[in-house]
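Notes follow the structure.
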Amino acid sequence: MFRKVIWVVIALVFVSGLTYLAVSGSKTLVTTDNGKITQSEYYDEVKQSSAGRQVFAQMVINKVLDKKYGKEVTTSSVNTQYNTLRAQYGDSKFKQYLSQSGMTEKQYKQSLRDKQVMQAAVKANYTISSDKLKEAYENYVPDTKISLITAKSEDDAQAAIDALDSGESWDDVYKQYSQTNSAVSGTGQMAAFDSTNTNVDSEIRKAAFNQDNGVYSSAPVKGSNGTYYVVRTDSMADKPAQSKVEQKLKDKLTNDFINDTNNQDAMKKIIGKLLKKANVNVKDSDLKSALSGYYTAS
């Protein structure tokens, strides 16, 4: 998760509380037989915690990056990613996912936007070698069309596969075993996607790309969200020339770079340089060290 639950809670204190604290830091948050806790006491405790400094650092980074790269992220691109993820989970599971994460729909969309802005910033400052680009093209899988049965359980997914194995038609099996999934149409048909499309569940992509046309998965495919699927590969387009998909490959390599935990130091170096250019000046002595890791890396 791009923002942890505690980040959401603490961020609300920073965002909504800082201005208020300047006026009325003595507001009482809780009373007990042993005394009270004021808003200023709570804030002082939070900002000195590791989680609080992390949230502060992320807020500064978001502020700096959004100024320069925010215009590259549209509401449409955020909504598209949001709706795709919600469709893959299904409405009930997606609501459960948000609840467990301690986030509202608005907060989750904001987290997606922050990540897209981060991607735009790294993309503008990350150099991709010709060798990496060549390797990415060699591993590239072109537009693939699939049909998808979204099962209620692993047992239902297996029952669907058994029915297909016994000769029942895909359409009949789909009608019997598939749940509603807004990402598909007809009897489970999805819009074409290639290997750079990260909006489609990685396990669905893996299954689709590793079987021949007309072949369906021999075992239930467990998606990253815990839902079980039956994946049939319907068709795969011819592989285009590298120049035709080069930008897609660069975007994919950038996303992989961002999401790889082994690249944290390199990420900090890029962000640190951008923070220096933005002349960030932390006024609060307790928070001055929150960005030191980025400055050191750069």
Would you confirm whether Q81, through its side chain, and S77, through its main-chain N or O, come within 3.5 Å as a donor-acceptor pair? no
Hey, can you tell me if Y97 and Y108 have their rings parallel, tilted or perpendicular (30° and 60° cut-offs)? perpendicular
Single-linkage hydrophobic cluster V141~L253, side-chain heavy atoms < 4.5 angstrom: no
Trace of the side chain to side chain contact (heavy atoms under 4.5 Å, CB included) decision for R232 with I146: CA-CA 5 Å; R232 184 183 71 185; I146 70 168; over 6 Å; no
Verify whether one side chain among Q58 and N62 offers a donor that lies under 3.5 Å from an acceptor in the other. yes
Distance-minimising heavy-atom pair for Q189 and T187: OE1-N, 2.9 Å
Would you please test V122 and M118 for side chain to side chain contact (heavy atoms under 4.5 Å, CB included) and show each step? CA-CA 6 Å; V122 174; M118 173 73 77; 4.2 Å; yes
Can you tell me how far apart CD1 (I61) and CG (L291) are? Round to the nearest 0.5 Å. 6.5 Å
Heavy-atom side-chain proximity of K109 to N79 below 4.5 angstrom: yes
Taking atom types as modelled, is there a side-chain donor on D201 or Y89 under 3.5 Å from an acceptor on the other? no
Check for a donor-acceptor pair, side chain of R53 on one end and backbone N or O of S289 on the other, with a separation under 3.5 Å. no
Before giving the answer on side chain to side chain contact (heavy atoms under 4.5 Å, CB included), spell out for N225 and K93 the whole-Å C-alpha distance, their side-chain angles and the decisive distance to 0.1 Å. CA-CA 9 Å; N225 61 4; K93 282 194 174 182; 5.8 Å; no
Would the number of heavy atoms belonging to other residues, nucleotides or ligands and lying under 6.0 Å from CD1 of I37 be above 12? no
When you compare the side chains of D251 and T254, does any donor N or O come within less than 3.5 Å of an acceptor on the partner? no
Side-chain (T296) to main-chain (S292) donor-acceptor, under 3.5 angstrom: yes
When the ring planes of Y126 and F257 are compared, do they come out parallel, tilted or perpendicular, using 30° and 60° as the limits? parallel
Q211 side chain vs V231 backbone, donor-acceptor pair below 3.5 Å: yes
Decide, yes or no, whether a salt bridge links D256 with K252 under the criterion of side-chain N to carboxylate O below 4.0 Å. yes
D284 CG: over 12 foreign heavy atoms closer than 6.0 Å: yes
Using every non-hydrogen atom in the two residues, find where S147 and D234 come nearest and quote the distance to one decimal. OG-OD2, 2.7 Å
Student check: side-chain heavy atoms of D143 and M236 closer than 4.5 Å: no
Do K36 and V30 come close enough that some side-chain heavy atom pair is under 4.5 Å? no
For the residue pair K239 and Y137, would you count it as a cation-pi contact if the rule is NZ or CZ under 6.0 angstrom from the ring centre and within 45 degrees of the ring axis? yes
Any side-chain heavy atom of V230 within less than 4.5 Å of one from P220? no
Check: P240 and Y140 side chains under 4.5 Å, non-hydrogen atoms: yes
Verify whether one side chain among Y229 and N181 offers a donor that lies under 3.5 Å from an acceptor in the other. no
Out of curiosity, does V184 fall in the hydrophobic cluster containing Y82 (side-chain heavy atoms, cut-off under 4.5 Å, transitive links)? no
Kindly give the heavy-atom pair with the smallest separation between N139 and S195, and that separation in Å. O-OG, 4.2 Å
Please tell me whether N213 and T233 have a donor and an acceptor in their side chains that are separated by less than 3.5 angstrom. no
Just by distance, no angles: are the side chains of T38 and S40 close enough, under 3.5 Å, to form a donor-acceptor pair? yes
Are D114 and Q110 close enough that a side-chain donor and a side-chain acceptor fall under 3.5 Å? yes
Could you tell me which non-hydrogen atom of L274 sits nearest to which non-hydrogen atom of A121, and how far apart they are? CD1-CB, 4.2 Å
Taking the six-membered ring where the residue is Trp, are the ring centres of Y228 and Y177 under 6.0 Å apart? no
Under 4.0 Å between a side-chain nitrogen and a carboxylate oxygen: does that hold for K132 and E135? no
Flag yes if more than 12 heavy atoms outside K63 fall under 6.0 Å of its NZ atom; otherwise flag no. no
Counting heavy atoms not belonging to E45, are there more than 12 under 6.0 Å from its CD? no
Side-chain donor-acceptor contact under 3.5 Å, N255 with K123: no
Distance in Å, I204 CD1 paired with F193 CZ, rounded so as to fall on 0.5 Å steps: 7.0 Å
Going by heavy atoms in the side chains, are L133 and L249 under 4.5 Å from each other? yes
For residues V282 and L65: do they belong to one hydrophobic cluster (side chain heavy atoms under 4.5 Å, members Ile, Leu, Val, Met, Phe, Trp, Tyr)? yes
Is there a path from V200 to V78 through hydrophobic residues (I, L, V, M, F, W, Y) whose side chains come within less than 4.5 Å of each other? no
In terms of heavy-atom contacts, does NZ of K244 have more than 12 from other residues, nucleotides or ligands at under 6.0 Å? no
How far does OG of S101 sit from CD of Q107, to the nearest 0.5 angstrom? 10.5 Å
Atom pair CG/OG of D171 and S178 - distance to nearest 0.5 Å: 11.5 Å
With no hydrogens and no angle check, just 3.5 Å: does a side-chain donor-acceptor pair link S153 and D155? no
Which distance, rounded to the nearest 0.5 Å, do you find between the CG of D194 and the NZ of K248? 4.0 Å
Given side chains that start at C-beta, do those of N125 and Y69 come closer than 4.5 Å, heavy atoms only? yes
Working to the nearest 0.5 angstrom, can you tell me the gap between L164 CG and S218 OG? 12.0 Å
One thing to verify: whether R113 and D66 come together as a salt bridge, which I'm taking to mean a side-chain N less than 4.0 angstrom from a carboxylate O. yes
Kindly check if the number of other-residue, nucleotide or ligand heavy atoms within 6.0 Å of NZ (K269) is above 12? no
Quick one: are Y294 and V60 in side-chain contact, heavy atoms under 4.5 Å? no
Please determine if D286 and K288 form a salt bridge, counting it only when a charged side-chain N lies under 4.0 Å from a carboxylate O. no
Do E72 and Q116 have a side chain donor and acceptor closer than 3.5 Å? no
Considering non-hydrogen atoms only, spot the tightest contact between A151 and T227 and give its length. O-CG2, 4.0 Å
Q176 and D172: CA distance, side-chain angles, deciding distance, side-chain hydrogen bond (donor to acceptor under 3.5 Å, both in side chains) verdict: CA-CA 6 Å; Q176 182 178 356; D172 288 343; over 6 Å; no
Show the nearest heavy-atom pair for residues L287 and K47, with the distance to one decimal. CD2-O, 3.5 Å
If hydrophobic clusters are built from ILVMFWY residues whose side chains come within less than 4.5 Å, do V64 and Y295 share one? yes
